[in-house]
There are 2 protein chains.
Amino acid sequence: MDLQARERQVIEASWRVIARQGMRALTVRNIAQEAGLAPSSLRYAFPTQDSVREKSIRAVLERLRERVAAIAPDSPSWAWQTLQELLPLDDERRLEMEVSLALGTAAVTDPLLAPLRAELDAEVYSLCERACAALGLERPGLARELQALIDGLALHVVLVPGDDGRWTLEVLRLRLQELGVACD
Amino acid sequence: MDLQARERQVIEASWRVIARQGMRALTVRNIAQEAGLAPSSLRYAFPTQDSVREKSIRAVLERLRERVAAIAPDSPSWAWQTLQELLPLDDERRLEMEVSLALGTAAVTDPLLAPLRAELDAEVYSLCERACAALGLERPGLARELQALIDGLALHVVLVPGDDGRWTLEVLRLRLQELGVACD
DNA sequence: CCCATAGTCGCACAGTTGTGCCACAATAGG
DNA sequence: CCTATTGTGGCACAACTGTGCGACTATGGG
C-alpha cells in the first residue's frame with residue numbers, strides 16, 4: 001500500500017475541513033469522513049491528532065517550495081512570477097493560504113506548530129529577499145516591507161469570502177513601479 | 001450591580017484566554033475561571049457561548065475607535081499617530097491584535113463573526129484613507145497598499161512571540177519617506 | 001412583616017472529543 | 001498448509017463541551 005498517498009489524501013481532506021468549517025471542526029471524525037475513511041483507519045497513518053496539524057502545515061510549506069522551484073531560475077520575470085506565488089490568485093493557492101493562516105494563528109499558542117510556521121515565514125522572507133536582489137533593489141529593509149505588503153494583501157483576500165485577489169496584483173505592480181521596476 | 005462592568009470583566013478574561021491558550025481553549029469553563037466566576041454566573045451575562053466571541057471582537061473595534069478618537073484631530077502628526085495605533089507597539093495593542101487575529105480568522109467560517117470582522121476591516125481602511133489624505137497622498141490605491149502593509153507588519157509581530165514590534169516603525173517610516181512625507 | 005426581583009451557583013444531561021484496545025481481513029513468505 | 005505482516009474497522013472509555021433547570025441568597029419596595 002502507498003502510505004505516502006494515504007498521507008496526502010488525509011492532509012488534503014484536513015485542508016478542506018479547515019477551509020469549509022474552520023479550525024473548530026478539525027476533528028478526527030470530521031477529517032476521516034472527509035477523506036472517506038473510518039476514524040480508526042485514519043489513526044493508523046496519523047497516530048495522534050497533533051500530527052495531522054503538523055503534517056498539514058508542513059505540506060503547505062512543501063507545496064510552496066515545489067511551485068517556486070518550478071519557475072525558470074534564469075527567467076527575467078523570475079521575481080515577478082515568484083511574488084505571484086505568494087498571493088492567493090487561484091483556488092489552489094487560496095486554499096493553501098487559508099490553511100496556513102488558520103494553522104499559523106493556532107501556532108501562536110501551539111508549541112508543536114510554532115517551528116513549522118517560523119520556517120514558513122523564513123521561506124517567504126527569503127523569497128522576498130531574492131526577489132529584491134533579482135530586481136536590483138538593494139535598499140535595506142525593503143525585503144521586510146515587501147514581505148509585510150504581500151502577506152497583508154494575501155490576508156485581506158483570504159479573509160473576504162468572495163474575493164478573487166486580482167486587485168492585489170495591481171497594488172503590487174504600482175509599488176514596484178514606484179521603485180523603478182516594470183512588471184510583465 | 002454594574003452589568004456593564006461585568007461584561008468588560010468577562011471580555012477581558014476571554015482576551016487573556018485567547019492570547020495565552022488559543023482559540024481551542026476558549027470555553028465557558030476556562031473563561032469563567034479566568035474571570036473568577038462560576039460557569040453558571042457567566043451564563044447570566046452571556047447566555048450563549050457565541051455571544052462571548054461576538055462581544056469580544058466588538059470590544060476590539062470599540063477600543064480601537066476610542067484610542068483613535070483620543071488623538072487631537074488638528075495635530076500635524078495626526079496621521080502618523082493614528083497609523084501607530086494600528087501597530088502592536090505595546091502590550092495592550094498587542095493583546096488586542098492577537099485577539100482580532102484569532103477571532104478574525106475564526107470569522108472566515110463563522111457567520112456570526114463575519115460582519116464584525118468586516119466592520120473592523122472597514123474601520124482600518126477608513127483610517128488609512130484619512131491618513132493618506134492628511135499627508136497629502138492622493139494616488140489611487142495607496143490607501144489599500146498602506147492597509148495591507150500595516151496589517152502585514154502587525155501580523156508578523158503578533159505571530160512571533162518575543163517581538164516587540166519596534167522595527168515596524170522603521171519600515172513604515174521609510175515607506176512614507178519615499179512618498180515624500182517626514183514622520184515625527 | 002411579605003414578596004418580588006436580581007444575581008449566583010450546583011447539578012445534570014446529551015453530545016463530542018482524542019485515544020486505547022482488540023478483532024478481523026488480506027497478502028505474502030516459508 | 002501455517003504464520004507473520006500490514007492495514008481496516010468497531011467499540012469503549014474518561015474527559016470535556018454547551019446549555020437547561022432549579023435551588024439558593026441578598027436586596028429593596030410595599
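Chain letters run A, B, ... following the sequence lines, proteins first and then strands; every chain starts at 1.
- In this entry the distance linking CZ of A:Arg24 with P of C:dT17 reads 11 Å, nearest Å.
- For B:Thr27, the listed nucleotide lying nearest its side chain is D:dG18; candidates were C:dG18, C:dA6, D:dG18.
- Taking atom CG on A:Leu3 and atom P on C:dT27, their separation rounds to 18 Å, with Å as the unit.
- For the side chain to side chain contact (heavy atoms under 4.5 Å, CB included) with B:Arg93, the lone residue among B:Asp91, B:Leu95, B:Asp90 that qualifies is B:Asp90.
- We find that CG of B:Leu42 is positioned 11 Å from P of C:dC9, with the value rounded to whole Å.
- Salt bridge annotation for B:Arg63-B:Glu85: absent, with no cationic side-chain nitrogen under 4.0 angstrom from a carboxylate oxygen.
- Annotation: salt bridge (charged side-chain N to carboxylate O under 4.0 Å, His left out) contacts of B:Arg24 (sequence neighbours excluded): none.
- The listed nucleotides are D:dC21, C:dG7, D:dG18; the one nearest the side chain of B:Arg43 is D:dC21.
- Nearest heavy atoms, A:Leu149 versus A:Leu172: CD2-CD1, 4.2 Å.
- Between B:Arg6 and C:dT8 there is a side-chain N or O to OP1 or OP2 distance below 4.0 Å.
- The nearest whole Å value for the distance from the CD atom in B:Glu7 to the C1' atom in C:dG7 is 15 Å.
- Side chain of B:Arg29, nearest nucleotide from C:dA12, C:dT19, C:dT8: C:dA12.
- Among C:dG18, D:dT6, D:dT19, the nucleotide with an atom closest to any side-chain atom of B:Gln49 is D:dT19.
- Both B:Ala38 and A:Leu26 lie near DNA chain C, and the one whose nearest nucleotide falls closer to the 5' end is B:Ala38.
- Residue A:Ser41 places at least one side-chain N or O closer than 4.0 Å to OP1 or OP2 of D:dG9.
- As rounded to whole Å, 13 Å separates atom C1' of C:dG18 from atom CG of A:Asn30.
- Remark: P of D:dG10 and CD of A:Gln33 are 13 Å apart, rounded to the nearest angstrom.
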Problem set entry | Stepwise side-chain hydrogen bond (donor to acceptor under 3.5 Å, both in side chains) check, B:Asp151 with A:His156 | CA-CA 9 Å; B:Asp151 280 347; A:His156 285 133; 2.6 Å; yes
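- Taking atom CZ of B:Phe46 as the reference point, atom C1' of D:dG18 lies 16 Å away to the nearest angstrom.
- Of the candidates D:dG10, D:dT19, C:dT19, the closest approach to any side-chain atom of A:Ser40 belongs to D:dG10.
- Whole-Å rounding puts the B:Gln4 CD to C:dG7 P distance at 13 Å.
- Side-chain nitrogen and oxygen atoms of A:Tyr44 include none within less than 4.0 Å of the OP1 or OP2 phosphate oxygen of D:dT8.
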